[in-house]
Amino acid sequence: MTTTPILSLSAAELEGWLAEHDAPSYRRRQIWTWLARGVTDFAAMRDLPGALRDALAGAFRATSLTPIAVSEADRGLTTKTLFELEGGHSVEAVVMRYAERSTLCISSQAGCPIGCPFCATGRFPFGRNLNAHEIVEQAVDAQRVLAAEGRRLSHVVFMGMGEPMANYRAVVESVRRLSDPDLLGISPRRIVVSTSGLIPRIEQLAEEKIPVTLAISLHAARDELRDVLVPINRKYPVRDLVDAAQAYAEKSGRRVSYEWVMLAGVNDTERDARELGVLLKNRLAHVNLIPFNPVEDTPYHAPDRASIRAFKEKVEAQGLNVTVRDTRGREADAACGQLHERVMRTKLAV
Ligand code: SAH
Ligand code: SF4
């Protein structure tokens with residue numbers, strides 16, 4: 001008999017199972033506390049009675065994810081893991097360690113249906129949506145790795161594989177679980193949901209009363225260019241998108257982060273800087289410039305440092321707040337989808 005991943009049960013479902021096994025409901029919190037500390041062996045959950053530990057081990061496993069490749073970069077500060085999901089698709093998650101925080105970049109889908117031409121994830125056929133527990137399990141695994149180093153997972157960004165707003169229900173459910181104090185207790189304010197711009201879902205998210213930080217993958221300020229770089233723009237044009245993001249900002253009180261992957265000669269010109277400034281004028285906005293992380297067989301290149309600085313200054317001169325994202329994990333194939341791409345290529349080559 002195969003076991004069930006324990007996090008696929010809601011709190012109420014696990015408490016129901018416990019009741020059937022004559023165990024009080026507070027055992028659920030004890031089990032979650034062990035899981036959140038990174039314990040994957042039910043036999044090691046010392047404050048549970050032996051018979052309950054045996055019953056748990058017979059019925060459940062701690063996670064549904066199987067790690068199949070790991071790569072490290074930045075002298076061990078960045079760790080990227082490729083996980084196989086049940087059914088065979090794979091996704092990746094990246095742990096980034098900083099002085100004051102530990103951030104996990106998490107995947108919400110195996111592959112991505114949006115198909116941005118510069119993105120490694122968008123180049124494979126779409127696999128499937130992740131369930132909420134498969135998203136949460138990535139974080140529990142990261143917490144296990146970090147706990148062993150005396151660290152704690154403090155931030156989660158939905159910037160791995162997939163378009164979170166195209167897997168809306170599971171993503172919202174996973175955010176609730178990630179922030180549940182009985183499990184990982186990560187405040188929604190420390191969770192960033194990054195989207196290519198599904199307007200109806202942004203409007204829905206604003207109604208959920210979970211104040212996550214919204215990141216919009218803008219990359220171009222005019223429809224003609226954004227139609228190419230972020231194809232969903234043909235359905236949800238950029239001005240409408242910024243209006244929806246502004247409404248989210250006003251409702252949540254959280255400034256929106258606008259992502260701009262820098263592609264030399266494509267979206268780093270004076271004209272682009274000017275258009276970006278005009279588009280975001282008087283918005284609750286922060287602009288995050290991301291130097292392009294090279295993806296094989298794409299026509300794109302990252303601009304040199306001087307061009308990035310010049311672009312940043314031009315946008316700042318129009319009154320916007322701008323930062324340049326550090327290029328954590330470049331050597332670890334750590335931009336979204338890249339370890340997956342390398343492993344898939346190797347697999348295909350065998
Ligand atoms: N699908 C969502 C979230 C995952 S992608 C989204 O697009 O927002 C997270 C971020 O990484 C996005 O801003 C995306 O545009 C960016 N990105 C994708 N490929 C990249 C690459 N090769 N180099 C730099 N950034 C990249
Ligand atoms: Fe999907 Fe985001 Fe990659 Fe575009 S950038 S293909 S939306 S994961």
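Both counts, for ligands and for their atoms, begin at 1 and track the order of listing. Because only heavy atoms are used, hydrogens play no part in the values below, and waters and symmetry mates are left out as well, while side chains stay in.
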Practice problem: Would you check if the side chain of Arg176 reaches a backbone N or O of Ile210 as a donor-acceptor pair within less than 3.5 Å? | Solution: no
Practice problem: May I ask you to list the atoms of ligand 1 that are less than 4.0 angstrom from any heavy atom of Cys119? | Solution: 18 (C), 19 (N)
Quiz item: Is the shortest side-chain N to carboxylate O distance from Glu275 to Arg226 below 4.0 Å?
Solution: no
Exercise. Tell me yes or no: between the side chains of Glu134 and Gln138, is some donor less than 3.5 Å from an acceptor?
Key: no
Quiz prompt | Residue Cys116 vicinity, atoms of ligand 2 by number, heavy atom under 4.0 Å | solution = 4 (Fe), 5 (S), 6 (S), 7 (S)
Practice problem: Please could you name the atoms of ligand 2 that Gly162 approaches to less than 4.0 Å, counting only its heavy atoms? | Solution: 8 (S)
Quiz item: Just wondering, do Val266 and Leu225 contact through their side chains at under 4.5 Å, heavy atoms?
Solution: yes
Quiz item: Are any of the heavy atoms in Cys116 under 4.0 Å away from ligand 1?
Solution: no
Exercise. With heavy atoms of Ser196 as the reference, note each atom of ligand 2 found under 4.0 Å away.
Key: 7 (S)
Quiz item: Between Thr195 and ligand 1, which part of the residue brings a heavy atom under 4.0 Å of the ligand: side chain, backbone, both or neither?
Solution: backbone
Quiz item: Going by atom types alone, do Ser257 and Glu259 pair a side-chain donor with an acceptor below 3.5 Å?
Solution: yes
Self-check item: ligand 1 atoms in contact with Gly162 (distance to a heavy atom under 4.0 Å)
Solution: 1 (N), 2 (C), 3 (C), 4 (C)
Practice problem: Tell me, please: is Tyr300 in heavy-atom contact with ligand 1, that is, under 4.0 Å? | Solution: no
Practice problem: With heavy atoms of Gly115 as the reference, note each atom of ligand 2 found under 4.0 Å away. | Solution: 6 (S)
Quiz item: Under 4.0 Å from any heavy atom of Ser196, which atoms of ligand 1 are there?
Solution: 6 (C), 8 (O)
Quiz prompt | Short N/O/S contact of Cys119 with atom 3 (Fe) of ligand 2 (below 2.8 Å) | solution = yes
Quiz item: Which part of Glu259 is near ligand 1, with near meaning a heavy atom under 4.0 Å away: side chain, backbone, both or neither?
Solution: side chain
Quiz item: Between the main-chain N or O of Leu7 and the side-chain N or O of Arg177, is there a donor-acceptor pair closer than 3.5 Å?
Solution: yes
Quiz prompt | Whether over 12 other heavy atoms sit under 6.0 Å from His21 NE2 | solution = yes
Self-check item: Residue-ligand contact Met161/ligand 1, heavy atom below 4.0 Å
Solution: no
Quiz item: Do Glu163 and Ser108 have a side chain donor and acceptor closer than 3.5 Å?
Solution: no
Self-check item: Over-ring placement of Arg37 relative to Trp34, 6.0 Å and 45° cut-offs
Solution: yes
Quiz item: Is there a heavy atom in Cys112 that sits closer than 4.0 Å to ligand 1?
Solution: no
Exercise. Tell me which part of Val295 gets within contact of ligand 1: side chain, backbone, both or neither, using heavy atoms under 4.0 Å.
Key: side chain
Exercise. Please check if the side chain of Glu137 supplies one atom and the backbone of Thr63 the other of a donor-acceptor pair under 3.5 Å.
Key: no
Exercise. Output the list of atoms in ligand 2 that are nearer than 4.0 Å to some heavy atom of Gly122, sorted by atom number.
Key: 6 (S)
Quiz prompt | Mode of Phe158 contact toward ligand 1 - side chain, backbone, both, neither (heavy atoms, under 4.0 Å) | solution = backbone
Quiz item: Heavy atoms only: which of Phe292, Trp260, Phe118, Tyr258 is nearest to atom 17 (N) of ligand 1?
Solution: Phe118
Quiz item: Going by distance alone, is a donor N or O of one side chain under 3.5 Å from an acceptor N or O of the other, for Ser154 and Arg101?
Solution: no
Quiz item: Hey, which atoms in ligand 2 end up nearer than 4.0 Å to a heavy atom of Ile114?
Solution: 7 (S)
Quiz item: For ligand 1, which atoms, with element, lie under 4.0 Å from some heavy atom of His219?
Solution: 13 (O), 14 (C), 15 (O)
Quiz item: Are Val228 and Val238 co-members of a hydrophobic cluster defined by side-chain heavy atoms under 4.5 Å apart?
Solution: no
